[in-house]
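First up is the structure itself, then whatever we jot down about it.
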Amino acid sequence: MEAWNRPVGIFDSGVGGLTVAHAIRQTLPGERIIYFGDTAHLPYGDKSEEAIRNYSRRITDFLIGYDAKLVMIACNSASASAYESLLEEYGDRVLILDVINPVVEYVSSHNYDRLGVIGTKRTISSGTYEKKISEASPSTDVVSLATPLLVPMIEEGFIFDDISNAIIRTYLSDGRLQKINALILGCTHYPIIRNQISKFFNFDVEVIDSARIVAARLKETLEKHDLVSRGGTGEDMFFVSDYTDYFEKIARMFFESAINLRKADIWS
Ligand code: DGL
C-alpha cells in the first residue's frame with residue numbers, strides 16, 4: 001500500500017478523542033480514520049502515569065497493526081504521561097502527535113495575561129501545561145484546576161441538563177479561575193460541553209479547545225511528509241475495548257452516519 005493511502009490512527013480513553021477525529025474529518029476529509037477508545041480503562045485521569053504509558057503502548061501497537069501512518073494521542077492525560085515515551089519507542093516507525101504541544105504553541109502566539117486550564121487529575125497534577133506555557137510564554141500566568149467528575153459525567157450522557165450545569169458551575173466558580181482571559185479545555189472530552197462552559201462565563205472568556213488546533217497540526221505534518229491522502233482510501237473503523245451504547249451514540253452524532261463500531265479485546 002502507498003504510504004499516503006494508510007489510515008490515521010487516533011486514540012483516547014473513550015468518546016473524547018472523537019472531538020479530535022471529527023475536526024480531522026472536517027480539515028482532511030480524505031483521510032481514513034482508525035479510532036480506538038479504551039473504554040475498559042476509562043477514566044485515564046485517575047490512573048497512574050505508568051498504567052497510562054502501558055495502555056498507550058499497547059494501543060499504539062494495535063494501530064500500527066492497522067498500518068497507521070500516524071498515531072494521534074487524542075487524550076491529554078495520555079499526552080501528558082506517554083507522549084515522550086511513545087516517541088522514543090515508536091518514533092522511528094510511525095509519526096506521533098499529541099494534543100498538548102500544538103495548544104501550547106497556539107496560546108504562546110496570542111499573549112494572554114492570565115490563562116486557565118481545566119483537565120483530569122492526571123493532566124493537571126503533571127503540570128505539563130503550566131511548564132510548557134511558562135517556557136514558551138513567560139509573561140502569561142497559568143492557573144489550573146482538576147475537574148475529575150466531568151469525564152464520567154459526559155461518558156454517562158449527562159450533558160445539557162441540570163446535573164451537568166450544577167457540576168460545571170461548581171467547578172468553574174473556583175476562585176482560581178477568576179479574571180482569566182481564556183480557558184484551555186485540557187481534556188478532549190470537554191468540547192462536548194463547550195457551550196455550557198462558555199455560557200457559565202457569559203461568553204466573555206475565550207474557550208480554547210484543542211480539536212481544531214490539533215487537526216491543523218496534523219495537516220501540516222502530513223503535508224511535510226508527503227502523506228496526505230489522495231482519496232479513495234476506504235472506510236473508517238472505530239474500536240472500543242468495552243462496548244457502550246453511549247460511545248456509538250456520540251460517534252453517530254459526530255459522524256452523522258452509521259459507524260463501523262467493533263469491540264477489540266486487546267488486553268487479554
Ligand atoms: N479525554 C481524555 C483527556 O483528554 C481522557 C479523560 C479520562 O479518561 O480521564 O484527558
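In listed order, ligands and their atoms are each counted from 1.
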- Query: Under 30°, 30 to 60°, or over 60°: which ring-plane class applies to Y35 and F247, parallel, tilted or perpendicular?
  - Reply: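 The arrangement is tilted - the two ring planes meet at 30° to 60°.
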- Task: Look at the aromatic rings of Y112 and H110 and report parallel, tilted or perpendicular, splitting at 30° and 60°.
- Result: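 Geometry flag for H110 against Y112: parallel rings.
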At under 4.0 Å between heavy atoms, is it the side chain or the backbone of [X] that contacts ligand 1, or both, or neither?
| X | value |
| --- | --- |
| D12 | side chain |
| S13 | side chain |
| T120 | side chain |

- Query: Which of these, D12, D38, T120, sits in a side chain to side chain donor-acceptor pair (under 3.5 Å) with Y44?
  - Reply: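 Single side chain to side chain donor-acceptor pair (under 3.5 Å) partner of Y44 among D12, D38, T120: D38.
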- Task: Look at atom 4 (O) of ligand 1 and say which protein heavy atom is nearest, naming residue and atom and giving the distance to 0.1 Å.
- Result: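 Of the protein heavy atoms, N76 N, 2.7 Å lies nearest.
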- Message: Assess, by modelled atom type and distance only, whether the side chains of N181 and E206 contain a donor and an acceptor separated by less than 3.5 Å.
- Response: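 Side-chain D/A pair, N181 to E206: absent.
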- Item | Any donor-acceptor N or O pair under 3.5 Å, side chains N101, D98 |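 Yes - a donor-acceptor pair under 3.5 Å links their side chains.
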- Identify which of S77, G17, P43 has a heavy atom lying nearest to atom 10 (O) of ligand 1.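 Ranked by closest heavy atom to atom 10 (O) of ligand 1, first place is S77.
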- Would you check whether G45 has a nitrogen or oxygen atom less than 3.5 angstrom from a nitrogen or oxygen atom of ligand 1?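 G45 vs ligand 1: N/O contact under 3.5 Å present.
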- Message: Evaluate Y44 for polar contact with ligand 1, using N/O atom pairs at a separation under 3.5 Å.
- Response: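 For ligand 1, there is an N or O atom that lies under 3.5 Å from one belonging to Y44.
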- Which residue, R25, R230, K69, forms the salt bridge (Lys or Arg N to Asp or Glu O under 4.0 Å) with E31?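 Result: among R25, R230, K69, K69 is the only option passing the salt bridge (Lys or Arg N to Asp or Glu O under 4.0 Å) with E31.
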